[in-house]
There are 2 protein chains.
Amino acid sequence: MTVQWLCYNRSETFRGEQAQHKSMARRHNIDGRPTIAQIARIAGVSVPTVSKVLNGRADVSLPTREKVERIIEEYGFVRNRAARALRKGKTGLVDLLLPRLDDEYYLPILEGVAQVLRDAGLRLVLTATDYKSEEEVRWIATVTDHSTDGILVMLPSERAIEQLERAGLPFVLIHNQGGLQAMAPSVRITSWEGGFVATTHLIRLGHRRIAYIGKTSPARDAIERIAGYRAALDAAGLPLMPELECDGDFTEASGYQATLRLLELPEPPTAIFAGNDRQAAGVYRALHERGLAVPDQMSVVGFDNLPYTEIMNPPLTTIHAPRLELGRTAATMLLRLINGEQLEMPRVVLPTHLVERQSCSPPRQQQE
Amino acid sequence: MTVQWLCYNRSETFRGEQAQHKSMARRHNIDGRPTIAQIARIAGVSVPTVSKVLNGRADVSLPTREKVERIIEEYGFVRNRAARALRKGKTGLVDLLLPRLDDEYYLPILEGVAQVLRDAGLRLVLTATDYKSEEEVRWIATVTDHSTDGILVMLPSERAIEQLERAGLPFVLIHNQGGLQAMAPSVRITSWEGGFVATTHLIRLGHRRIAYIGKTSPARDAIERIAGYRAALDAAGLPLMPELECDGDFTEASGYQATLRLLELPEPPTAIFAGNDRQAAGVYRALHERGLAVPDQMSVVGFDNLPYTEIMNPPLTTIHAPRLELGRTAATMLLRLINGEQLEMPRVVLPTHLVERQSCSPPRQQQE
DNA sequence: AAGAAAGCCGAAATCGTTTTCTAGAAGAAA
DNA sequence: TTTCTTCTAGAAAACGATTTCGGCTTTCTT
């Protein structure tokens with residue numbers, strides 16, 4: 001685990017401050033957290049005046065401002081956010097809905113969102129649906145209660161989008177599956193192009209029999225990837241080989257099983273485009289079990305560029321999916337929406353690119 | 001990427017409902033979201049009655065209740081959470097502070113927290129400090145504004161803990177560094193025992209020269225791990241070998257570099273306890289570069305049991321850190337605290353255990 | 001049939017902040 | 001001195017829900 005050295009400050013300072021707060025509180029009969037009203041009373045001014053100081057308004061004289069600021073500091077006063085949210089109609093919170101949390105794929109997206117939000121002074125409310133529509137429904141009901149200023153949804157269902165549009169809150173879709181909500185603000189990646197580039201890379205190396213794993217998923221991204229694969233074959237004048245298009249649900253296990261089946265073919269492929277990195281890991285495992293070397297006896301390309309592809313053995317050539325940017329872009333767009341601005345580009349597609357490492361080489365002997 | 005098939009419902013239903021809402025709203029001159037007052041007016045009852053229906057109070061007659069419920073349903077009314085939070089003093093939100101997001105180590109912890117919170121109907125506010133104390137200070141100020149009901153802090157600094165105690169909000173520490181705040185509620189893992197067990201495992205296999213990587217970190221967990229390592233050597237009657245205790249900041253790169261240095265020793269170790277899995281990955285890379293086979297020429301043990309250790313080649317023997325349970329336990333404790341209950345066990349330590357895979361074997365030739 | 005108890009419902013206060021809007025004071029212009 | 005601005009500061013009304021408490025009907029007791 002990555003344990004790092006956090007800043008250890010002298011606690012003495014804070015002890016002191018704490019004591020000071022205590023005594024002040026006692027002196028003025030303050031029980032729990034002070035409110036604006038209490039601060040006002042202590043400072044000998046009115047409530048709106050304190051509020052003005054808090055909000056940096058101009059119509060407060062310097063002496064008054066300083067006095068109030070001193071009291072605020074002394075008592076460690078913090079505004080009650082609920083009251084503020086109620087009055088202003090803004091909560092300073094943004095919702096992010098993910099299908100699941102135990103998937104490192106989403107991590108950089110989450111991070112990108114968090115970065116942008118933090119810079120904007122907003123906070124992130126995270127919810128995972130576990131792909132359960134029941135959860136999704138529950139979440140949708142809860143999300144429209146004005147507890148957040150805007151919503152980011154990953155891989156939304158049609159139903160979720162409908163609800164969102166109805167609620168009238170700003171939202172941005174990440175990895176939208178496409179479909180009916182063509183005009184909703186969304187951010188995606190060029191999955192088709194990624195599939196095309198990955199396959200073309202293998203073709204250029206001389207491969208003629210190239211397998212693809214991940215045919216089954218009906219998700220938009222998966223469909224695009226296999227379409228890119230087929231287009232690349234087609235563009236190179238190569239025939240489609242249905243026996244080389246394997247089922248796969250984008251898990252390590254399915255990559256493993258698909259590879260075993262491929263190896264049992266009378267004429268196995270010389271390269272495998274694994275659909276995603278997790279399946280590529282399964283491909284590696286199967287190949288290793290069968291004693292086949294990567295890339296000498298089989299070239300492998302992944303998709304996503306997960307962190308561990310760098311430390312795979314050999315390091316995996318893969319398509320980089322710009323996930324951090326995905327998160328940053330979506331969050332930036334949402335911020336605009338929350339500010340009431342128009343999006344000149346409501347539907348953004350972020351480019352993927354090939355990351356060459358060491359899992360590909362020309363085939364041992366050319367086919368034909 | 002793991003794209004899965006989300007539930008696609010017929011959107012017709014929702015179109016219909018939406019239209020219905022619209023017309024209703026028009027009929028009663030409702031602009032944006034309806035409030036309790038508007039619902040009350042439409043239903044011909046008073047505001048408190050609607051509130052009672054919403055909260056399932058008993059003193060509402062069945063016909064009234066049904067009428068109100070119908071109106072609520074028809075207008076798609078949702079309570080404004082800010083108003084509710086202000087009045088009740090509870091926000092339904094819990095804060096989780098992580099050092100950083102781009103580290104998959106934290107993922108299961110996050111997931112555990114999310115699970116428990118979701119079951120309790122609370123929502124999770126996520127903040128990352130990036131180890132910057134500036135961020136931490138900003139966060140601490142923002143966290144005490146009653147925008148959440150409780151706080152979970154990972155790897156807290158002393159300063160953060162002081163602030164937390166002062167704020168008077170319920171909080172639980174995860175991976176507390178120890179130190180002064182001995183009595184604050186916290187959850188940790190048995191790092192010492194993990195180090196002991198990992199080392200003992202290697203000793204039992206017959207290893208006598210066992211290296212440890214990760215000496216430098218002053219973090220509590222790191223200190224415990226190396227202490228466990230030393231204790232195991234001691235318990236087995238083996239001498240400590242300072243030249244085999246390597247620096248390491250728990251990154252892949254430091255594991256790599258430490259291994260290269262170890263291999264240059266006049267008498268290299270026969271086994272490496274890598275401190276964590278990331279360093280173990282670096283060890284693998286260095287060994288592979290030098291043409292040394294795992295486990296035949298070098299045994300390796302990791303720590304944490306990150307997901308990718310299973311697909312390493314060979315699969316890594318490591319110490320399992322129960323991170324999901326860490327998150328679940330911390331969240332459960334916090335929930336108790338929020339409910340005003342006492343914690344019979346405020347300081348919980350969760351056990352680690354050895355996960356044997358294929359990166360360890362007896363040394364080729366016994367030393368001495 | 002009178003009084004008590006129970007069941008329903010609503011008026012009003014409240015949570016803590018922000019936002020007018022107005023009143024007074026001070027200073028400037030005449 | 002009078003009048004007109006310009007500053008400051010505060011009173012009062014939101015924001016949208018919950019909660020307390022009292023009044024009005026019923027129904028039940030005796």
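Here is the naming used below: chain letters follow the sequence lines, and residue numbers restart at 1 for every chain. This one's a predicted model, so the numbers in the text were calculated from it and none came from an experiment.
Note that CG of A:Leu343 and CZ of A:Arg336 are 6.5 Å apart. Values are rounded to the nearest 0.5 Å. A distance of 8.0 Å separates CG of B:Leu101 from CG of A:Leu124, quoted to the nearest 0.5 Å. B:Asn176 contributes atom CG, which lies 6.0 Å from atom CZ of B:Arg347 (distance to the nearest 0.5 angstrom). Remark: A:Glu69 CD to A:Leu62 CG distance equals 8.5 Å, nearest 0.5 Å.
Side-chain atoms of A:Ser147 and B:Arg123 form a donor-acceptor pair, as typed in the model, at a separation below 3.5 Å. A:Thr148 and A:Asp95 are linked by a side-chain donor-acceptor pair at a separation below 3.5 angstrom, with hydrogens and angles left out of the test.
Straight-line distance from the NZ atom of A:Lys90 to the P atom of D:dA14: 22 Å, rounded to whole Å. As a whole-Å value, the separation of A:Arg84 CZ from D:dA14 C1' is 16 Å.
For A:Val78 and B:Gly44, each mapped to the nucleotide of DNA chain C holding its nearest heavy atom, the one lying further toward the 5' end belongs to B:Gly44.
Axis orientation changes by 50° from one end of the helix from C:dA1-D:dT30 to C:dA30-D:dT1 to the other, with each end axis drawn from 5 pairs and the value rounded to 10°.
Looking at A:Arg118, its side chain does come within 3.5 Å of a backbone N or O of B:Ala128 through a donor-acceptor pair.
One finds no salt bridge joining A:Arg57 and A:Asp59 here, because no Lys/Arg side-chain nitrogen approaches an Asp/Glu carboxylate oxygen to under 4.0 Å.
With B:Leu96 as the partner, the side-chain contact (heavy atoms from CB on, under 4.5 Å) test is satisfied by one option alone out of B:Thr127, B:Leu110, B:Leu117, B:Leu334: B:Leu110.
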For nucleotides 19-28 of chain D, 5' to 3', base contacts (B), sugar-phosphate-only contacts (S) and non-contacts (-) with protein non-hydrogen atoms under 4.0 Å give B---------
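The number of heavy-atom neighbours closer than 6.0 Å to CD of A:Gln342, taken from other residues, nucleotides and ligands shown, is 12 or below.
The footprint of chain A on DNA chain C, defined by a heavy-atom cutoff below 4.0 Å, extends from C:dG16 to C:dT19.
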